[in-house]
Each structure stands twice: as C-alpha cells, then as structure tokens.
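The structure's right below; bear with me while I get my questions together.
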Amino acid sequence: QEHYGGLKGLTMAWIGDGNNVLQSFMASAAKLGMHLRIATPRGFEPDLRITKIAEQNSKEYGTKLLLTTDPLEAADSANVLVTDTWISMGQEEEKKERLKAFQGYQITMQTAKSAASNWTFLHCLPRKPEEVDDEVFYSPQSLVFQEAENRKWTI
C-alpha cells in the first residue's frame, strides 16, 4: 500500500509453500480488493478450509483467485511477487524432500519477466537463496527491507 498508493486492483503472486503466511494473505487479499495468484508444488497446497474461505471472499469482493502448480502462470501480470521460507520451524527433517519438491519455484528475473512492468518483490525474511536469487532480492524492485522495517513497528 505504501509503495503503490493503494491495494485495490493489485495482483499478488505467491510462489512457494502453502504455509501460514500464504494463508493469512488468502484470508485477507480479497477483502482488500487484491487478486491473488498462488503457485505451490503438489502436496504443499494451502489448507483446504482456508482455500474455501479465499474462494468465498473472492466471489463476495469481486476479485480473482488462481491456484496452480506453475510459478510462471502465477507470476503472469502480477504487481507483487511474494515468497517465504520453504522449510519452516519443525520441518528441518523434511529439508531434502522439500528442496527437491520446490525445484523451479525460486523467484528470479526470469519469473519477473512474466510479471507486470511495475512489479515488486516481498519476503518476510530471513530468506534462503533457493527461494529467491540475489538479483531479485537486491534489485530496486525488492521491498524486503522496507517490509522488515514496517513489520518492526507492528510486532
């Protein structure tokens, strides 16, 4: 909102794990007027109950919701590209399996080519290089450090 001047009509692409951060976006994006495009590997989808809520909210608020396994399809025309850790606390033993399942989900400049011309990148940190490459993470389109400072004031 701070960067774009508002949220209504923006498209957010989530590329990664169907974790708690994604589920928070799913529960709120439509209420804020945002379209949501989600790419997760098979077996790592968000909770079905949250998906149903997101579908209902999308209908009620007139936004679009897409769930896919294709990161480039999710990124298509998106204003905001977002990812988060692929290995959350308590999932350390699954690291090898998860890294294999998430191959092709790293956000790169190739991913960004599918996005809108005014795309930005968010990650709630800490990030791992397999989630997003350095070129995107340190690019002028990356708002991760502004996001981190804003988060500091809400904690």
Exercise. Does the pair Phe25 and Val82 meet the rule for a side chain to side chain contact (heavy atoms under 4.5 Å, CB included), with working shown?
Worked result: CA-CA 10 Å; Phe25 284 135; Val82 187; 3.9 Å; yes

Exercise. Is Val80 reachable from Leu7 through a run of hydrophobic residues whose side-chain heavy atoms are each under 4.5 Å from the next?
Worked result: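 Same cluster.
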
Problem set entry | Pair Tyr138 and Phe121, ring centroids less than 6.0 Å apart |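 Not close enough - the centres of the two rings lie 6.0 Å or further apart.
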
Problem set entry | Hydrophobic cluster identity match, Leu10 and Met26, side-chain contacts under 4.5 Å | yes

Problem set entry | ILVMFWY cluster, Val132 and Phe145 together (side-chain gap under 4.5 Å) |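 Same cluster: Val132 reaches Phe145 through Ile, Leu, Val, Met, Phe, Trp or Tyr contacts under 4.5 Å.
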
Exercise. Once you round to the nearest 0.5 Å, how far does CE of Met12 lie from CG of Leu32?
Worked result: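 It comes to 8.5 Å.
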
Exercise. Taking atom types as modelled and ignoring hydrogens, do the side chains of Thr83 and Glu131 form a donor-acceptor contact shorter than 3.5 angstrom?
Worked result: no

Exercise. Is His35 close to Leu65 at the side-chain level, that is, under 4.5 Å between some pair of heavy atoms?
Worked result: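 No, their side chains stay 4.5 Å or more apart.
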
Exercise. Hey, what do you get for CD (Glu60) to CD (Glu55), rounding to the nearest 0.5 Å?
Worked result: 14.0 Å

Exercise. Is a side-chain donor-acceptor pair under 3.5 Å present for Gln106 with Thr108?
Worked result: no

Exercise. Checking side chain to side chain contact (heavy atoms under 4.5 Å, CB included) for the pair Ser114/Trp119: CA distance, chi angles, key distance, verdict?
Worked result: CA-CA 10 Å; Ser114 297; Trp119 69 273; over 6 Å; no

Exercise. About how many Å separate CD of Gln91 and CD of Glu97, when rounded to the nearest 0.5 Å?
Worked result: 10.0 Å

Problem set entry | Worked check of salt bridge (charged side-chain N to carboxylate O under 4.0 Å, His left out) between Arg127 and Asp134 | CA-CA 10 Å; Arg127 73 95 185 209; Asp134 285 350; 2.4 Å; yes

Exercise. Under 3.5 Å, side chain of Glu149 to main-chain N/O of Gln146, donor-acceptor pair present?
Worked result: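 Flag not set: sc Glu149 to bb Gln146 has no pair under 3.5 Å.
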
Exercise. Glu94 versus Ile87: any side-chain heavy-atom pair under 4.5 Å?
Worked result: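 They are not in contact (no side-chain heavy atoms under 4.5 Å apart), so the answer is no.
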
For this session: Give a yes or no on whether the backbone of Gly18 and the side-chain of Gln23 come within a donor-acceptor separation of less than 3.5 Å.
Result: yes

For this session: Give the other cluster members for Tyr61, using side-chain heavy-atom distances under 4.5 Å between Ile, Leu, Val, Met, Phe, Trp and Tyr residues; answer none if it is isolated.
Result: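 Its cluster mates, by chain and number: none.
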
Exercise. Mind checking whether Leu143 and Leu36 sit in one hydrophobic cluster, side chains of I, L, V, M, F, W, Y counted as touching below 4.5 Å?
Worked result: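 Per the 4.5 Å side-chain linkage, Leu143 and Leu36 are co-clustered.
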
Problem set entry | Thr120 side chain reached by Asn79 side chain, heavy atoms, under 4.5 Å | no

Problem set entry | Side-chain heavy atoms of Trp86 within contact of Asn19, under 4.5 Å | no

Problem set entry | Partners passing side chain to side chain contact (heavy atoms under 4.5 Å, CB included) against Pro41 (at least two apart in sequence or in another chain) |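 Side chain to side chain contact (heavy atoms under 4.5 Å, CB included) list for Pro41, sorted by chain: Phe44, Phe102, Tyr105.
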
Exercise. Do the side chain of Arg37 and the main chain of Leu66 share a donor and acceptor less than 3.5 angstrom apart?
Worked result: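 Side chain of Arg37 to backbone of Leu66, a donor-acceptor pair under 3.5 Å: no, none is there.
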
Problem set entry | Separation between NZ of Lys95 and NZ of Lys128, rounded to the nearest 0.5 Å |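 One finds 7.5 Å between NZ of Lys95 and NZ of Lys128.
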
Exercise. Is any side-chain heavy atom of Trp14 less than 4.5 Å from a side-chain heavy atom of Leu81?
Worked result: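 No. Closest side-chain heavy atoms not under 4.5 Å.
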
Exercise. Are the side chain of Thr154 and the backbone N or O of Arg151 linked by a donor-acceptor pair below 3.5 Å?
Worked result: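 It does hold such a pair.
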
Problem set entry | Side-chain donor/acceptor of His123 to backbone N/O of Val144, under 3.5 Å |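 A pair under 3.5 Å: no.
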
Exercise. Are there more than 12 heavy atoms of other residues, nucleotides or ligands under 6.0 Å from atom CD of Glu93?
Worked result: no

Exercise. Got a donor-acceptor contact below 3.5 angstrom from the Glu73 side chain to the Thr68 backbone?
Worked result: no

Exercise. Which pair of non-hydrogen atoms, one from Thr11 and one from Ser77, has the smallest distance, and what is that distance?
Worked result: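 That closest heavy-atom pairing would be CB-O, 4.2 Å.
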
Exercise. Passes side chain to side chain donor-acceptor pair (under 3.5 Å), Thr40 versus Glu45? Steps please.
Worked result: CA-CA 6 Å; Thr40 59; Glu45 297 89 352; 5.0 Å; no

For this session: State plainly whether one hydrophobic cluster holds both Leu122 and Val21, where clusters connect Ile, Leu, Val, Met, Phe, Trp and Tyr through side-chain heavy atoms under 4.5 angstrom apart.
Result: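 Yes, because Leu122 and Val21 connect within a single hydrophobic cluster, where side-chain heavy atoms sit under 4.5 Å apart.
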
Exercise. Donor-acceptor pair, Asn150 side chain versus Trp153 backbone, under 3.5 Å?
Worked result: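 Between the backbone of Trp153 and the side chain of Asn150 there is no qualifying donor-acceptor contact (under 3.5 Å).
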
Problem set entry | Pairwise distance OG(Ser142) to CD(Glu147) - rounded to 0.5 angstrom |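 The CD atom of Glu147 is 8.5 Å from OG of Ser142, to the nearest 0.5 Å.
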
Exercise. Counting only N and O atoms by type, is there a donor-acceptor contact under 3.5 Å from the side chain of Ser139 to the main-chain atoms of Val136?
Worked result: yes

Exercise. Distance-only, no hydrogens or angles: does the Ser58 side chain make a donor-acceptor pair with backbone N or O of Ala54 under 3.5 Å?
Worked result: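 Absent.
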
Seminar exercise, completed: Nearest heavy-atom approach of Ala74 to Ala13 is O-CB, 3.2 Å

Problem set entry | Criterion side chain to side chain contact (heavy atoms under 4.5 Å, CB included) on Leu22 and Asp84, from CA distance to verdict | CA-CA 8 Å; Leu22 168 60; Asp84 186 25; over 6 Å; no

Exercise. CG of Asn57 to CD1 of Ile50: how many Å apart, nearest 0.5 Å?
Worked result: 10.0 Å

Exercise. Could you go step by step and tell me if Lys59 and Gln56 meet the side chain to side chain contact (heavy atoms under 4.5 Å, CB included) rule?
Worked result: CA-CA 5 Å; Lys59 286 178 188 172; Gln56 291 171 342; 5.9 Å; no

Problem set entry | Closest approach of Leu67 to Thr51 (non-hydrogen atoms, all atoms of both residues) |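 Looking at all heavy atoms of both residues, the closest pair is CD2-CG2, 4.1 Å.
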
Problem set entry | Backbone of Ala30 reached by a side-chain donor or acceptor of Thr63 within 3.5 Å | no

